[in-house]
Amino acid sequence: MVSASMIDHSDQVLVSLGELCISDDYSDVTFVVEKERISAHRAILAVRCEYFRALLYGGLEESKQSEITLDVSSTAFKHLLRYIYTGSLELKDMEVDDILTLLGLVHQYGITAFVKAISDYLYGVLTVENVCTIADEARLLDLKDLMEKCYEFIDENTRSIIQQESFSKLSYDMLSSVIDRNSLNIEEIEIFQATHKWCKSNENKWCKIGEKKKSIYDKIRYEAIPRNSLLDIVRPTGVLNPNRLLDVISAQDKTGFHPYRAGSSPGKDVAANAKVEWTTAAEHNQVRFDLGKRYFINHVYITTGAPTEPHSPGTVAYSLIPKQESLSVSSDGNSWSTVSLGLYNTAYFQSHPSISFRMQPVRYIRFQTPYYKENSSISISAMLNPFQGAQNSESPAKPR
């Protein structure tokens, strides 16, 4: 609340300063920008911006000139002056390309608060159509916070983004950093196809495209591409010579390991919205949870209600059931790793303990049991525990 003794007409000052912006009234310097003459006031510019203070009062040649030529965008320069004179600027009606041009100019002039304000605005207007353009500019200006927001957006929307024309216009450095990410929400064969399209689109841009292509193609995780896609999609492109292709197939056969990419949300329950599917076999029933995408996890907690077939009277309430119940995880729904055999049970209102295992990319979690049937009360939580060791000695992941 303003005191009765306090006079505050600051709003009138801002209005008056705004009227001076790009006005000939009392102007003592003129900038020539893209052949356009723009009037300004030295004192206001110098007080508000260190760049102009050095330019106009720092003893440079320009400090003696009444007319100064600048090699910048005229539109961006006028937006900058509006901010300098009034401390405000409306961005919502501007095109993203114009905002990025302004961001580059503001960064060049070192107006930190303005750079942050524009970056904060761009966080909220990221789309699959513009994120590549914004990410490239953020990387060029080394705006780490904005880059990280772009990376996170790309991780979650990779499939839609690679279909945009802007993806083929990504700089080599930006594309390289994107492909390096573990957390892209997409299959490896799709990353290969998008990369191959980028290389084709940019063949005529650099004299050393051959070296750049090799570096980009080497970032693809070919061992994570299914056999049929390797043979039907990768092989015809000639990107892999026959020996390298055989090495990839051999590695898949020998290790059974596929270096899948996956999301990483430490401490977050990534199974909260998992889809549940029951199947029945001769000796057991099975419930499978689909997380919707791959996540790096190392911790599962499973909770169950009363079993369909209770233990016989007189049995111990808590008992270890060897090999009759098991929990397995999978990246692709085909290859499974058993992470727990013989879960700890109670006869009624069972609550299984936390199960920890080596961190790995997981999309599917499978619980096999002879004691529960469809519609039984079974739920899971799954997460990446950042405080847990890389390998839990009691619950190693065993490929099956």
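These numbers were taken from a predicted model, which means no experiment stands behind them. Values below: all heavy atoms of this structure, side chains included; hydrogens, waters and symmetry mates excluded. Nothing fancy with the numbering, it's 1 onward along the sequence.
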Determine whether Thr127 and Asn130 satisfy the following criterion, side chain to side chain donor-acceptor pair (under 3.5 Å), listing intermediate values before the conclusion. CA-CA 5 Å; Thr127 66; Asn130 68 29; 3.2 Å; yes
Give the intermediate values and the outcome of side chain to side chain contact (heavy atoms under 4.5 Å, CB included) for residues Leu146 and Leu103. CA-CA 12 Å; Leu146 181 55; Leu103 178 61; 4.3 Å; yes
Counting C-beta onward and ignoring hydrogens, is there a side-chain heavy-atom pair between [X] and [Y] closer than 4.5 Å?
X	Y	value
Phe167	Leu175	yes
Phe357	Ser337	no
Leu384	Ser265	no
Ile189	Phe192	yes
Ile111	Leu80	yes
Val234	Ile220	no
Arg48	Tyr85	no
Ile365	Val339	no

Gap separating the [atom1] atom of [X] from the [atom2] atom of [Y], nearest 0.5 angstrom:
X	Y	atom1	atom2	answer
Glu277	Arg288	CD	CZ	5.0 Å
Leu17	Thr86	CG	OG1	8.5 Å
Leu246	Leu230	CG	CG	11.0 Å
Glu137	Cys132	CD	SG	13.5 Å
Asn202	Ser168	CG	OG	7.0 Å
Arg37	Ser27	CZ	OG	9.5 Å

On a heavy-atom basis, which atom in [X] and which in [Y] lie closest, and how many Å separate them?
X	Y	value
His107	Leu141	NE2-O, 3.2 Å
Ala224	Tyr260	O-CE2, 3.6 Å
Asp25	His41	O-NE2, 2.7 Å
Phe153	Val128	CE2-N, 3.7 Å
Ile297	Ala382	CD1-CB, 4.0 Å
Met383	Lys268	CB-O, 3.2 Å

Does the salt bridge (Lys or Arg N to Asp or Glu O under 4.0 Å) test come out yes or no for Lys149 and Asp145, once each step is laid out? CA-CA 6 Å; Lys149 291 292 184 181; Asp145 289 344; over 6 Å; no
Report yes or no: do [X] and [Y] belong to one cluster of Ile/Leu/Val/Met/Phe/Trp/Tyr joined by side chain heavy-atom distances under 4.5 Å?
X	Y	answer
Val276	Val329	yes
Val47	Tyr51	no
Leu291	Trp278	yes
Val15	Tyr26	no
Tyr109	Leu140	no

Does [X], at its [atom1] atom, have more than 12 non-hydrogen atoms belonging to other residues, nucleotides or ligands within less than 6.0 Å?
X	atom1	value
Asn273	CG	no
Glu90	CD	yes
Arg235	CZ	no
Glu148	CD	yes
Glu165	CD	no

Before you tell me yes or no, could you show the steps for Leu231 and Leu245 under side chain to side chain contact (heavy atoms under 4.5 Å, CB included), namely the whole-Å CA-CA distance, both residues' side-chain angles and the distance that decides it to 0.1 Å? CA-CA 9 Å; Leu231 297 176; Leu245 183 60; 4.3 Å; yes
Would you sort out whether Ser73 and Thr75 count as a side chain to side chain donor-acceptor pair (under 3.5 Å), showing the intermediate values? CA-CA 6 Å; Ser73 161; Thr75 301; 4.6 Å; no
Run the salt bridge (Lys or Arg N to Asp or Glu O under 4.0 Å) test on Asp253 and Arg227 for me, step by step, so that the C-alpha distance in whole Å, both residues' side-chain angles and the decisive distance to 0.1 Å come before the verdict. CA-CA 10 Å; Asp253 290 341; Arg227 182 75 49 82; 2.7 Å; yes
Step by step, would you call Asp247 with Tyr222 a side chain to side chain donor-acceptor pair (under 3.5 Å)? CA-CA 10 Å; Asp247 288 343; Tyr222 295 102; over 6 Å; no
Arg261 vs Arg294, test: side chain to side chain contact (heavy atoms under 4.5 Å, CB included). Steps then yes/no. CA-CA 7 Å; Arg261 302 169 194 263; Arg294 295 188 188 98; over 6 Å; no
Between [X] and [Y] (side chain of the first, backbone of the second, donor and acceptor by atom type, cut-off under 3.5 Å), is there such a pair?
X	Y	answer
Ser381	Tyr301	no
Ser330	Ser335	yes
Thr195	Ile191	yes
Asn241	Arg244	yes

What do the steps show when you test Arg363 against Asp290 for salt bridge (Lys or Arg N to Asp or Glu O under 4.0 Å), and what is the final call? CA-CA 6 Å; Arg363 173 168 177 173; Asp290 181 356; 2.9 Å; yes
Under 6.0 Å between ring centres, would you say that holds for Phe289 and Phe367?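 So the answer is no for these two rings.
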Over-ring placement of Lys293 relative to Tyr295, 6.0 Å and 45° cut-offs: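 The answer is yes; both the distance and angle limits are met.
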Examine the side chains of Asn185 and Thr158 and answer whether a donor and an acceptor come within less than 3.5 Å of each other.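 Distance-only check fails for Asn185 and Thr158.
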Is it true that Ser177 and Tyr151 share a donor-acceptor pair across their side chains at a distance under 3.5 Å? yes
Kindly indicate, with the supporting measurements, whether the criterion side chain to side chain donor-acceptor pair (under 3.5 Å) is fulfilled by Glu223 and Gln252. CA-CA 6 Å; Glu223 288 79 4; Gln252 290 177 333; over 6 Å; no
For Asn182, which residues count as a side chain to side chain donor-acceptor pair (under 3.5 Å) partner, sequence neighbours excluded?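 Per chain and number, Asn182 pairs via side chain to side chain donor-acceptor pair (under 3.5 Å) with Arg221.
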Test side chain to side chain contact (heavy atoms under 4.5 Å, CB included) applied to Tyr83 and Leu102, step by step: CA-CA 11 Å; Tyr83 172 81; Leu102 175 61; over 6 Å; no
Assign the ring pair His196 / Tyr217 to parallel, tilted or perpendicular, where the plane angle (0 to 90°) is split at 30° and 60°. tilted
